[in-house]
Structures are given as structure tokens and as C-alpha cells.
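In the text below, chain A, chain B and the rest are named by the order of the sequence lines, each starting its count at 1.
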2 protein chains.
Amino acid sequence: MKISAQEEYGLRCLVQLANLNAGESLTLPQIAEREGISTANAGKLMWLLNKAGFVNSTRGTKGGYFLARPAGDIYLNEIIKVLDEDVLSSHCDSYTGVMDKCVHTGDCGIRPVIVGLHEIVENALSRITLASLVGSESSVDAMFHKIQGIHRTIEPQGI
Amino acid sequence: MKISAQEEYGLRCLVQLANLNAGESLTLPQIAEREGISTANAGKLMWLLNKAGFVNSTRGTKGGYFLARPAGDIYLNEIIKVLDEDVLSSHCDSYTGVMDKCVHTGDCGIRPVIVGLHEIVENALSRITLASLVGSESSVDAMFHKIQGIHRTIEPQGI
DNA sequence: GCAAATCATTACTTTTTGGTCAAGATTAAG
DNA sequence: CTTAATCTTGACCAAAAAGTAATGATTTGC
């Protein structure tokens with residue numbers, strides 16, 4: 001279970017845009033340079049993010065990319081879903097081995113764990129906005145642990 | 001962020017072995033058939049799991065695979081780490097774009113989120129044993145939600 | 001000891017993902 | 001209107017992951 005290259009770089013490009021002041025924009029070469037990737041690759045990523053509605057662009061001289069919505073209104077789970085093509089809904093169609101359908105039809109002991117894991121990740125990401133990734137590593141770290149709160153196994157009290 | 005094929009099938013093969021009674025074992029063709037994968041693929045997976053110490057094997061007629069430890073002593077985080085090659089520790093070396101090193105040296109706003117996510121997943125998996133994946137889907141689902149407990153963002157009380 | 005069944009290991013092929021290239025379209029500036 | 005800068009798009013190439021095949025080693029049963 002890992003972050004794909006597309007998720008990583010796509011997210012990083014968006015953070016660059018989140019750093020901008022109102023009215024500013026970044027060109028593909030600028031984005032590419034700031035993230036250490038090729039201009040062509042930045043172009044592909046921004047194309048995806050544009051299609052998905054996270055960024056807008058203007059062409060021509062003085063053109064560039066900028067966020068389509070305030071960074072505080074964009075949650076990481078939405079971003080990841082686009083960059084990773086929402087794989088949860090197709091899980092059981094993807095891992096069918098050499099068969100047409102997964103052998104575990106009907107009753108499957110693995111599925112609740114896979115689904116549950118994805119829920120946990122989704123839940124964690126849905127609490128974080130792009131805006132909160134702007135800042136120093138220590139401040140983002142503090143934000144993350146504060147937002148995720150204290151996760152422990154507790155029995156509901158008095159329910 | 002998704003489960004890889006190796007994680008999925010490897011885990012499923014182990015669950016098959018967890019279903020056995022003491023003294024029983026399964027051959028590669030048997031494992032392959034029960035999971036709907038090819039014998040060659042099952043062979044590769046079991047080789048990995050054998051190297052990692054999760055299973056033992058005996059060769060020759062009446063040979064086969066069986067768990068090296070009780071299913072109740074094997075936690076999913078250990079399994080996933082082997083099947084996915086513990087990618088967290090090498091994250092910043094993997095996503096360097098066209099550069100030799102990641103441009104975000106020293107201070108990185110993405111890293112705490114990546115690390116935090118992996119911690120959350122690791123934490124969830126470290127509470128689940130192979131043994132608890134044996135059973136019906138509904139029972140495994142109930143186990144999962146009970147073990148993960150109630151996750152909410154709560155402020156520490158009186159600390 | 002021999003044959004059959006089985007695992008072990010490495011090399012190879014296929015598929016998927018990641019990344020690049022090139023031609024086209026749009027815009028701003030002069 | 002022309003040019004230069006920029007995004008857009010689809011085709012293409014490369015790298016990584018997944019899966020297959022083939023050969024070798026070990027064990028059991030006769």
C-alpha cells in the first residue's frame with residue numbers, strides 16, 4: 001500500500017499553486033522547476049488536475065495555472081481520488097487472478113479489511129485541506145497530528 | 001494509495017493456510033486453485049513468504065506449505081511489509097523526479113502527511129492477526145470495526 | 001535405486017504505469 | 001497582423017510490476 005508517483009507529484013504541484021497570492025499563476029516550466037520534474041510531466045499532471053476541476057489555466061504570454069477554488073476548500077481525499085483513479089470501487093474486479101471473476105464471490109474475508117483500510121485512509125485525508133500543507137514541515141506535522149486527533153480504541157461510554 | 005497485486009494475493013494465500021487444521025498442508029496447485037491464480041504465480045508468492053519466515057514447506061510427495069507460526073501470532077502489518085517491500089523508509093529517495101535528490105530537502109510540507117498516513121495504516125494493520133481473517137465476511141467485518149475501535153478526534157481530557 | 005510428486009530459483013515475457021515528444025491551438029504584446 | 005509564449009492533446013517510448021516458464025533439487029513410496 002503506497003502512494004503512486006502520480007499522487008505524489010500531482011499533490012506537490014497543487015501545493016505550489018496553493019502558495020501563490022491572489023492573481024498570481026505559475027507556468028509549466030516554473031512548476032516543473034520548483035518540483036524537480038520535467039516540464040512535459042508537469043504538463044500531463046496539470047492537464048489531469050485541470051480536467052478534474054482543481055486548477056484553471058490561461059494560455060498565451062503571461063498565462064499559467066492557478067487554483068480553481070480556495071486552497072482551504074480543497075480536501076486531500078478529493079485530490080487523491082482523481083490522481084489514483086478511485087480504485088476502491090473496482091477492487092474486486094481488479095484482483096481476479098486468471099479467472100474472469102474473483103473466486104471469493106458472495107462471502108469474502110479479505111474484503112472488509114481492504115474496504116476498512118481504504119475508509120481509514122479516506123477519513124484521514126478528508127480532514128486535511130490543501131491550505132494546511134502550506135508551511136514548514138514542523139507546522140504541517142503539528143497540523144496533521146492535531147487534525148487526526150488521538151486515535152485509540154475506546155468503547156463508547158454510556159451508549 | 002492502493003493495495004498491490006502482490007499484497008492482495010499473498011495475503012489471500014496465507015489465509016488459505018490459516019484455514020488448515022494442525023498437521024495439514026496445501027500444495028501449490030491447491031493454493032492456486034483456491035485463489036484463482038496460476039500455479040506459477042502461487043509458487044512465486046509462497047517463495048517470498050517462505051523467505052520471510054511466514055510459511056514452511058516440505059518437498060516431495062505429500063509435501064506442501066503450512067504456516068510457520070500460529071495464525072494468531074501473525075499480524076497483518078508484518079505481512080504487508082514483506083509483500084510491499086517496506087516502501088516508507090525509502091519514500092524520499094523514490095520520488096526525486098528528474099533530480100538526483102528530492103528538491104524538498106530539509107523542510108518538506110508533504111512528508112508529514114505521507115509519513116502520517118503510513119503510520120495510520122500500519123497502526124490499523126498491527127491490530128489484526130491472520131487468524132481473525134478466517135471466517136465469514138460479516139464476522140471479519142465485525143472484528144475489523146471492533147478492533148479499530150471508535151476513531152474520533154478528541155482532545156486529551158485532563159492531560 | 002528409481003520414479004513421481006513436490007518445492008526452489010532464475011530467466012524471460014507481458015502488462016501497467018510513468019514519462020517524453022511533437023504538432024496544434026490560444027492569447028498577449030508590439 | 002505577426003510573433004513569442006503559453007497551454008492542449010494524442011501518440012509514443014521507457015521503466016517497473018506482474019506474471020510465466022523452464023530447469024534444478026528434494027522427498028516419499030515402491
Side-chain angles (χ1 to χ4, degrees), chain A residues 1-13 17 24-33 35-66 68 82-85 87 90 93-99, chain B residues 1-13 17 24-33 35-66 68 82-85 87 90 93-99:
Chain A
M1 195 156 204
K2 71 171 75 157
I3 297 280
S4 70
Q6 204 160 259
E7 290 172 286
E8 164 94 16
Y9 295 131
L11 186 56
R12 278 161 53 174
C13 290
L17 298 186
E24 293 181 333
S25 66
L26 288 178
T27 67
L28 287 177
Q30 287 174 325
I31 294 171
E33 200 212 342
E35 285 306 331
I37 63 181
S38 71
T39 301
N41 199 8
K44 184 182 215 172
L45 292 166
M46 297 314 290
W47 178 62
L48 272 171
L49 294 168
N50 191 1
K51 272 203 312 178
F54 293 116
V55 305
N56 285 140
S57 62
T58 55
R59 295 205 241 199
T61 313
K62 303 294 178 191
Y65 292 91
F66 52 94
V82 165
L83 293 171
D84 207 26
E85 288 162 24
V87 82
S90 64
D93 294 330
S94 302
Y95 296 106
T96 63
V98 296
M99 315 295 280
Chain B
M1 193 155 205
K2 70 172 75 158
I3 298 279
S4 71
Q6 203 160 258
E7 290 172 287
E8 164 94 15
Y9 295 130
L11 186 57
R12 278 161 53 174
C13 290
L17 298 186
E24 293 180 333
S25 65
L26 288 178
T27 67
L28 287 177
Q30 288 174 323
I31 294 172
E33 199 212 343
E35 286 305 331
I37 62 181
S38 71
T39 301
N41 199 8
K44 185 183 214 172
L45 291 166
M46 297 314 289
W47 178 61
L48 271 171
L49 293 167
N50 191 2
K51 274 203 311 179
F54 293 114
V55 305
N56 283 141
S57 62
T58 54
R59 295 204 242 199
T61 313
K62 303 293 178 192
Y65 292 92
F66 51 95
V82 165
L83 293 171
D84 206 28
E85 288 161 25
V87 82
S90 64
D93 294 330
S94 302
Y95 297 104
T96 63
V98 295
M99 316 295 281

Distance below 4.0 Å between [X] side-chain N/O and [N] OP1 or OP2:
{"X": "B/Asn50", "N": "C/dC7", "result": "no"}
{"X": "B/Ser38", "N": "D/dT20", "result": "yes"}
{"X": "B/Thr58", "N": "C/dC7", "result": "no"}
{"X": "B/Tyr9", "N": "D/dA17", "result": "no"}
{"X": "B/Trp47", "N": "C/dA8", "result": "no"}

What is the distance from [atom1] of [X] to [atom2] of [N], rounded to the nearest Å?
{"X": "A/Ile3", "N": "C/dT17", "atom1": "CD1", "atom2": "P", "result": "16 Å"}
{"X": "B/Phe66", "N": "C/dT6", "atom1": "CZ", "atom2": "C1'", "result": "13 Å"}
{"X": "B/Lys44", "N": "D/dT23", "atom1": "NZ", "atom2": "P", "result": "18 Å"}
{"X": "A/Met99", "N": "D/dG19", "atom1": "CE", "atom2": "C1'", "result": "16 Å"}
{"X": "B/Ile31", "N": "C/dA8", "atom1": "CD1", "atom2": "C1'", "result": "14 Å"}
{"X": "B/Gln6", "N": "C/dT15", "atom1": "CD", "atom2": "P", "result": "19 Å"}
{"X": "B/Asn41", "N": "D/dA22", "atom1": "CG", "atom2": "P", "result": "16 Å"}
{"X": "A/Asp84", "N": "C/dT16", "atom1": "CG", "atom2": "C1'", "result": "13 Å"}

Next on the checklist: How close do A/Ala42 and A/Ala32 get, counting heavy atoms only, and between which atoms?
Outcome noted: CB-CB, 4.1 Å

Item to check | Least distance between heavy atoms, B/Ser94 atom then A/Tyr9 atom | outcome: O-OH, 4.3 Å

Classify the nucleic acid contact of [X] as base, sugar-phosphate or nothing, counting any heavy atom under 4.0 Å across all strands shown.
{"X": "A/Tyr95", "answer": "nothing"}
{"X": "A/Leu48", "answer": "nothing"}
{"X": "B/Leu45", "answer": "nothing"}
{"X": "A/Gly64", "answer": "sugar-phosphate"}
{"X": "B/Leu28", "answer": "sugar-phosphate"}

Residue [X], side-chain heavy atoms: nucleotide from [options] that is nearest:
{"X": "B/Ser57", "options": "C/dA8, C/dG18, D/dT20", "answer": "C/dA8"}
{"X": "A/Thr61", "options": "D/dA4, D/dA18, D/dC7", "answer": "D/dA4"}
{"X": "B/Tyr65", "options": "C/dA8, D/dT8, D/dT20", "answer": "C/dA8"}
{"X": "B/Arg59", "options": "C/dA25, D/dT27, D/dA21", "answer": "D/dT27"}

Next on the checklist: Can you tell me which residue among B/Leu49, B/Thr27, B/Leu28 is in a side-chain contact (heavy atoms from CB on, under 4.5 Å) with B/Tyr65?
Outcome noted: B/Leu28

Checklist entry - Tell me, do A/Asp84 and A/Gln6 make a side-chain contact under 4.5 Å, heavy atoms counted? => result no

Item to check | Of A/Lys51 and A/Lys62, the one whose closest DNA chain D nucleotide lies more 5' | outcome: A/Lys62

Item to check | Exceeds 12 heavy-atom contacts within 6.0 angstrom, atom CD of A/Gln30 | outcome: yes

Checklist entry - Quick one: does B/Ser90's side chain have a donor or acceptor within less than 3.5 Å of a partner on B/Asp93's backbone? => result no

